[in-house]
Amino acid sequence: QLQLVESGGGLVQPGGSLRLSCAAKGFTLDYYAIAWFRQAPGKEREGVSCFSGSKGSSTYADSAKGRFTISTDNVKNTVYLIMNSLKPEDAAVYYCAADPPGSCRNDWYAPEEYDYWGQGTQVTVSS
């Protein structure tokens, strides 16, 4: 059974950092694209970044470029979202999602492209 388990959220001050984890269970990263989304109250779910398991490469939304980085641990079958220089507007529930093609689609930021989702982890950015 394919499952995604997120962890690592919490409260951080503006300018701080967090590392979110997305542990994949029941499948290997090589054959899937893993995307990170976030959703703030009253807003639509927004694509943050996508990792292509078959290529080992990542793509980022403009809001994440230069501040967020994806890394992976193939032994743990886990994808990490490392977030630096956090801003209050980064506060949201963060989700990871999996899509069977090993490469991120052109519309990787569209939530409807993903069949598998984690439960989400809350990120709060506040002083």
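Remember, it's a predicted structure, so these values are computed and weren't measured experimentally.
When atom types are taken as modelled, the side chain of Glu6 and the backbone of Gln119 share a donor-acceptor pair closer than 3.5 angstrom. Side-chain atoms of Asp73 never come within 3.5 Å of backbone atoms of Thr78 as a donor-acceptor pair (strictly under, hydrogens ignored). Using modelled atom types, no side-chain atom of Ser21 and backbone atom of Tyr80 make a donor-acceptor pair closer than 3.5 Å. Without hydrogens or angle criteria, Gln13 side chain to Ser127 main chain gives no donor-acceptor distance under 3.5 Å. Distance alone, capped at 3.5 Å, places no donor-acceptor pair between the Tyr114 side chain and the Tyr109 backbone. Within the 3.5 Å criterion, the main-chain N or O of Cys104 finds a donor-acceptor partner in the side chain of Ser52.
Residues Tyr31 and Leu2 fall within the same hydrophobic cluster, defined by Ile, Leu, Val, Met, Phe, Trp and Tyr side chains chained together at heavy-atom separations under 4.5 Å. The cluster map of Ile, Leu, Val, Met, Phe, Trp and Tyr, joined by side-chain heavy atoms under 4.5 Å apart, puts Leu18 and Tyr94 in the same cluster.
Using a 4.5 Å heavy-atom cutoff, the side chains of Pro111 and Gln39 are not in contact. The side-chain heavy atoms of Tyr95 and Leu20, taken from C-beta on, include no pair separated by under 4.5 Å. Taking 4.5 Å as the limit, some side-chain heavy atom of Cys22 sits within range of a side-chain heavy atom of Ile34. Here the side chains of Asp99 and Arg105 are in contact, with some heavy-atom distance below 4.5 Å. Side-chain atoms of Ser17 and Ile82, non-hydrogen and from C-beta on, never get closer than 4.5 Å to each other. Residues Asp90 and Val123 fail the side-chain proximity criterion, which asks for heavy atoms closer than 4.5 Å.
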- Message: For Cys50 and Glu113: C-alpha separation, side-chain torsions, deciding distance, then whether side chain to side chain contact (heavy atoms under 4.5 Å, CB included) applies.
- Response: CA-CA 12 Å; Cys50 185; Glu113 295 293 347; over 6 Å; no
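Using cut-offs of 30° and 60° for the angle between ring planes, the Tyr32 and Tyr116 rings count as perpendicular.
In this structure, Phe27 and Ala98 approach most closely via the heavy-atom pair CZ-CB, 4.1 Å. Of all non-hydrogen atoms in Cys96 and Leu4, the two that sit nearest each other are O-CD1, 3.7 Å. In terms of heavy atoms, Ser103 sits closest to Lys55 at OG-CE, 3.1 Å. Closest heavy-atom contact between Phe51 and Ser58: CD1-OG, 3.5 Å. Listed here is the closest heavy atom pair of Ser63 and Arg38: OG-NH2, 3.6 Å.
Here the OG1 atom belonging to Thr69 is positioned 11.0 Å from the CE atom belonging to Met83, to the nearest 0.5 angstrom. In this structure, OH on Tyr60 lies 7.5 Å from CG on Leu81, to the nearest 0.5 angstrom. From Leu29, atom CG reaches atom CG of Asn77 across 4.0 Å, with rounding to the nearest 0.5 Å. In this structure, CG on Asn74 lies 6.5 Å from CG on Asp30, to the nearest 0.5 angstrom.
Arg45 forms no cation-pi arrangement with Phe37, by the criterion of a distance under 6.0 Å to the ring centre and an angle within 45° of the ring axis.
Crowding of Asp107 atom CG: a count of heavy atoms from other residues, nucleotides or ligands under 6.0 Å exceeding 12. More than 12 non-hydrogen atoms from other residues, nucleotides or ligands lie less than 6.0 angstrom from CD of Glu89.
A salt bridge links Lys65 with Asp62: at least one charged nitrogen is closer than 4.0 Å to a carboxylate oxygen.
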